[in-house]
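One structure is given below, encoded as structure tokens.
Residue numbering restarts at 1 for every chain, and letters A, B, ... go by the order of the sequence lines. Below, all heavy atoms of this structure are taken into account, side chains as well, without hydrogens, waters or symmetry copies.
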Amino acid sequence: MKKRWLCLFVENEVGVLARISGLFSGKSYNLNSLTVGTTEDETISRMTIGLYSDDTTFEQIKKQINRVVEVIKVIDYTDLPTHSKELMYLKVLKCSEAEKTEVFRFAQVYGVSVLDFNKDSILLECVRSEKENDKLIKLLRARVNSPIEIARGGSVAIEALQ
Amino acid sequence: MEISGAELFVKALKEEQVEILFGYPGGQAIDLFDALYGKNEIEVILPRHEQGLIHAADGYARSTGKTGVCLVTSGPGATNLVTGIATANYDSVPLVCFTGQVATSLIGNDAFQEVDIVGITRNICKYSVTVRDRKDLGEIIKKAFYIARTGKPGVVVVDLPKDIQRALGDDTYPETVALRGYKPGSTVHEGQIKKAIGVLAQAKRPLLLIGGGVNIAQGQKEMKQLVESTGIPVVTTIMGKGAIPTGHPLYIGNIGIHGSYAANRAISGCDVLLSIGTRFNDRITGKTDTFAKDITLIHIDIDPASISRNVKVDIPIVADARKAIELLMQKTSRLDCEAWLCEITGWKEAYPLKRKKEGLTPQRIIEQINHSFQNSVVVTDVGQNQLWTTQFLELDENRMMLTSGGLGTMGYGFPAALGAKLGNPNKDVIAICGDGGMQMNLQEMATAVVQELAVIVCIFNNGHLGNVRQWQQLFYQKHYSSTCLRYRKQCKAQCRNPGSSCPPYIPDFVKLAESYGASGIRVTRPEEIEAAFQIARRNRFVPTVIEFMIAPEENVLPIVPPGSPLTEMIMDSEMEEVIL
Ligand SMILES: Cc1ncc(C[n+]2csc(CCOP(=O)(O)OP(=O)(O)O)c2C)c(N)n1
Ligand SMILES: [Mg+2]
């Protein structure tokens, strides 16, 4: 099992997202994250899919996706030089004064932006790679016991310049 | 000129040369039916249930190579198509299914007879789409036909909301389609073909495995030439049977869990396997990790996703079967495999599929069909009746077999035979059904009678859901759980001895046929088989139902037990296991 990334260009039509996600659920492929958005061409959407799988299953997944009529192009990003970022919000709740100070310090050291705070909560925003976001959550959890509400957007990726 | 959506729909059908449409009307399709009214170029067939309808379209498509077209209303009309869509798509049958839909303004409101048929069928068809704008209608229909019949053929669902059917718009039907995401490949990788030929030339025990892809690509003639020019012996899957004449000296038989001893032995003993147009599903491989283990496997398929999926392939070739065969033929020469052929002949003689048995056996009935119906289409249902047919029916250029191989849909055979007869009025069309499956689309007897479709329906009545009963007998300690169709309230629970003292069978198929105005014959002894077929033949304008009263516990043999490799077969019901 290995982490893989796929970039899909698909027709910007009703039902295409359902077709792709339905393929994953219908065939029991595991899907980690899927993002979709518009592109420079308004008739084309772009998806970034993150998944774990072994080599054989991954080959099969690529073929199955390619088979979908609305899929224009599939690129395997797993071993390509790419940039990829994920938007993540962290809402730290029910903080004591000491915990709040700790969260502010955390934000400063790791360069995470503080969007807002009130008497016992702090809202953080970070745009990092998925892996870095994983790490930030771990680090923050190690520092405070407060409950944390997490909203992650899934990765968006693009090939690096040559 | 401005015309309605419904009128453009009819125009599109004409441009696509649709001669027969299988339709069942309803509120959301009434405009389409109105547009068809009085248009003599398109014959509209009204079956009695939408499931029967789509199987009929499927049988029409499989037996003619044309695209089958269905038209039904929204909601229940559309959901009744679902099994048929999966059945056809699984076996790569080109169908375009038009479903009426509530008006676009009502979609999403849980309107009367609204279902999301595009959503429901998304995972069981090749492409499905709702027309949301009248101006896209022509292009979408054009796309639908193109997608259904090209590449690996399949089912396309086009959902037509009522307001789109009524809206006026452009009357042009496009001549070409542009689909940037769908490019059915037509080139064959010559380098891979060369590699394959190199490997074949070295083979001592080469074997050809033919799947349904060769029949779909209509590559039978080329296939036979390739076999004859190379001298490679042939095994087939159920769907591939008939790709070369079954009487051909190089033909061994079907492989798989009900394959012949010689065929299974050959595939387990070959050194190079050239397989064309099969996806190696579990019914043909048995236990996959031991299947064709130490051999060089060349796999030709039009669908990249079928290659290296269930078994590991050494030389993959993505190509249309016929094109690949043509290329192979230009470049291969005769292989020397005399010793190998002798070995195979030995296996064939040691354990022939055909055996001498007393009484009214399925084998005898099918042998009579072989004898009496030279120019015919034989359509099977699912179960033992199907498996016996795939074992004993002889196929060549003039006799073809249709069967639901991928989905294994009971209730397929009879309506599909009606479609086949509509497409082949000059051939004898024979449906072979079980007593269980026959009751799943029995209502189509009315269609057969009113359309004067003189199909011959052979019901193999064993009083059971025989295929399941056989498994219960062999692998579930004879627990005949819910498989006896003679069961009545008075029967003792857990009966294991079905026989002559069982309650009478319901329904009386002969009377039933007669009540529809069809002809009904019951055959209880082997001497009556031929005469029954003669009578059936004389019925030129009505269907004939022949009920064959076969033994209740007749089995399909040999069989590979679940989870076993192909090399372990049970040869007869006394569980004599032959381990090769
Ligand atoms: C629609 C459907 N339901 C259930 C099954 C499972 N099944 C496969 S074969 C079979 C028995 C069929 O009995 P019958 O039609 O009498 O044929 P026989 O095997 O006796 O020839 C059943 C229940 C199926 N294939 N299709
Ligand atoms: Mg039966």
[X] portion near chain B, given a 4.5 angstrom heavy-atom threshold:
X	value
A:V71	backbone
A:K62	neither
A:S25	neither
A:V14	side chain
A:I61	neither
A:E13	side chain

Checklist entry - Passes salt bridge (Lys or Arg N to Asp or Glu O under 4.0 Å), A:K3 versus A:E130? Steps please. => result CA-CA 11 Å; A:K3 179 85 203 224; A:E130 190 189 85; 2.7 Å; yes
Modelled atom types, side-chain donor and acceptor of [X] and [Y], under 3.5 Å:
X	Y	value
B:T285	B:D282	no
A:T39	A:D41	no
A:S146	A:R141	no
A:Y110	A:K135	no

Next on the checklist: Which residue is it: B:V158, B:L160, B:L81, B:T79? I am looking for the one with a side chain to side chain contact (heavy atoms under 4.5 Å, CB included) to B:T99.
Outcome noted: B:L81
Checklist outcome for this item: Applying a strict 4.5 Å limit to non-hydrogen atoms, the region of B:K152 in contact with chain A is side chain
Next on the checklist: At a 4.5 Å cut-off on heavy atoms, which part of B:S128 comes close to chain A: side chain, backbone, both, or neither?
Outcome noted: both
Next on the checklist: I'd like to know which of A:K73, A:Q64, A:R67 tops the heavy-atom pair count under 4.5 Å against chain B.
Outcome noted: A:R67
Checklist entry - How long is the span from the CG atom in A:L87 to the CD atom in A:E125, to the nearest 0.5 Å? => result 5.5 Å
Next on the checklist: Please rank B:L179, B:D303, B:I307, B:I147 by heavy-atom pairs under 4.5 Å with chain A and give me the top one.
Outcome noted: B:D303
